[in-house]
Amino acid sequence: MIDDDTTKSSDDDIENEALAEAYNRGLGLQKAGDLEGAERAFREALALDPQDTGGVSIRLAAIGAEQAPQKMPDAYVATLFDQHADVFDEILVDELGYCVPLLVREMIGRLEAGPFDRLLDLGCGTGLTGLALADCTVHRTGVDLSERIVELAFDREVYDDLYVGEAVEFLAEFEEDDGVRPTWDLIAATDVLPYLGAVEPFLQGAAGRLVPNGFLAFSTETLPEEVLQGRSFMVGPKNRFAQGESYIRSALAAAGFEILAMDPITVRHEEGQPVPGHLVMARLR
């Protein structure tokens, strides 16, 4: 008698091999400059993996084969960070030169904002922003889509509460056990918008979770206007979303925020090149 579990495992292995082959073939063709061939291979991969754990839809947008989606697939972001969790800080800080959390702390000091009773740290990662803001916040809540990353943040003992969840869904849906929808006086999202694309759902959700005159701090990545060509956002050459400055400004105003600061920054370095972006501090009107 054939064991159903064994058969299923064999089928899964074959499908995973086919997925890996199509995905890697697409990467090779993209690198070689054969974008049509890369598109065909990526579409094969997407057909095999509709949840898009490999972020194929983002690569299709990056090569101009599809319009940029509104956000990155949750399955892709969770898989990406789960896979890199154990070396997350080394890659982000040591290799990419990421220091946005420290820039947020400097901006808070410069604007003479705070101290804050309650911080919501969206896309908290291993806790770099929680650490940077520990001296100006009392109660800290962290949220991240990667379960493994949240485990590492827990070990850091910087957050009072930690949740596994997607940022926009958390803002829209989260309730305490007693049904209360909590609010915060500072929401930080130091590396979230490069995974979102469209910012309106995020900003509307943040506005609904802030106390009156509450603060929102976040970073973006951007590209020159001649590259954006009038688009509000696009997938950049490193497969992350870039948003235009004018788009961010208008979306903040529409969501009811006053911009206190919008500083051009270097978000990180990739292959030795600076990645430009903005650091924003806004207050809910």
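- Within 6.0 Å of CD on Glu157 lie no more than 12 heavy atoms contributed by other residues, nucleotides or ligands.
- Classified by interplanar angle (parallel below 30°, tilted 30° to 60°, perpendicular above 60°), the ring pair Phe233/Tyr247 is tilted.
- Side chain of Thr79 to main chain of Tyr76: no donor-acceptor pair is present (N/O by atom type, distance under 3.5 Å, no hydrogens or angles).
- Using the six-membered ring where Trp is involved, Phe174 and Trp184 have ring planes that are tilted, between 30° and 60° apart.
- Counting non-hydrogen atoms of other residues, nucleotides and ligands closer than 6.0 Å to CD of Glu36 gives a total of 12 or fewer.
- The number of heavy-atom neighbours closer than 6.0 Å to CG of Asp178, taken from other residues, nucleotides and ligands shown, is above 12.
- Applying the 6.0 Å contact sphere to CD of Glu270 captures more than 12 heavy atoms from other residues, nucleotides or ligands.
- Between Phe215 and Phe116, the ring planes are perpendicular. Angles over 60° get that label, and only those under 30° would be called parallel.
- Here the side chain of Asp185 pairs a donor or acceptor atom with the backbone of Arg118 at under 3.5 angstrom.
- Taking the six-membered ring wherever Trp is involved, the centroid distance between the rings of Tyr163 and Phe170 falls below 6.0 Å.
- The backbone N or O of Thr222 sits nowhere less than 3.5 Å from a side-chain atom of Gln243 that would complete a donor-acceptor pair.
- Of all non-hydrogen atoms in Ala62 and Val235, the two that sit nearest each other are CB-CG1, 3.9 Å.
- A donor-acceptor pair under 3.5 Å is absent between the side-chain atoms of Asp121 and the main chain of Thr141, judged by distance alone.
- Between the side chain of Arg209 and the backbone N or O of Leu120, no donor-acceptor pair lies under 3.5 Å.
- Formation of a donor-acceptor pair under 3.5 Å by the Ser146 side chain with backbone atoms of Ile149 is found in this model.
- Here the side chain of Asp82 pairs a donor or acceptor atom with the backbone of Arg148 at under 3.5 angstrom.
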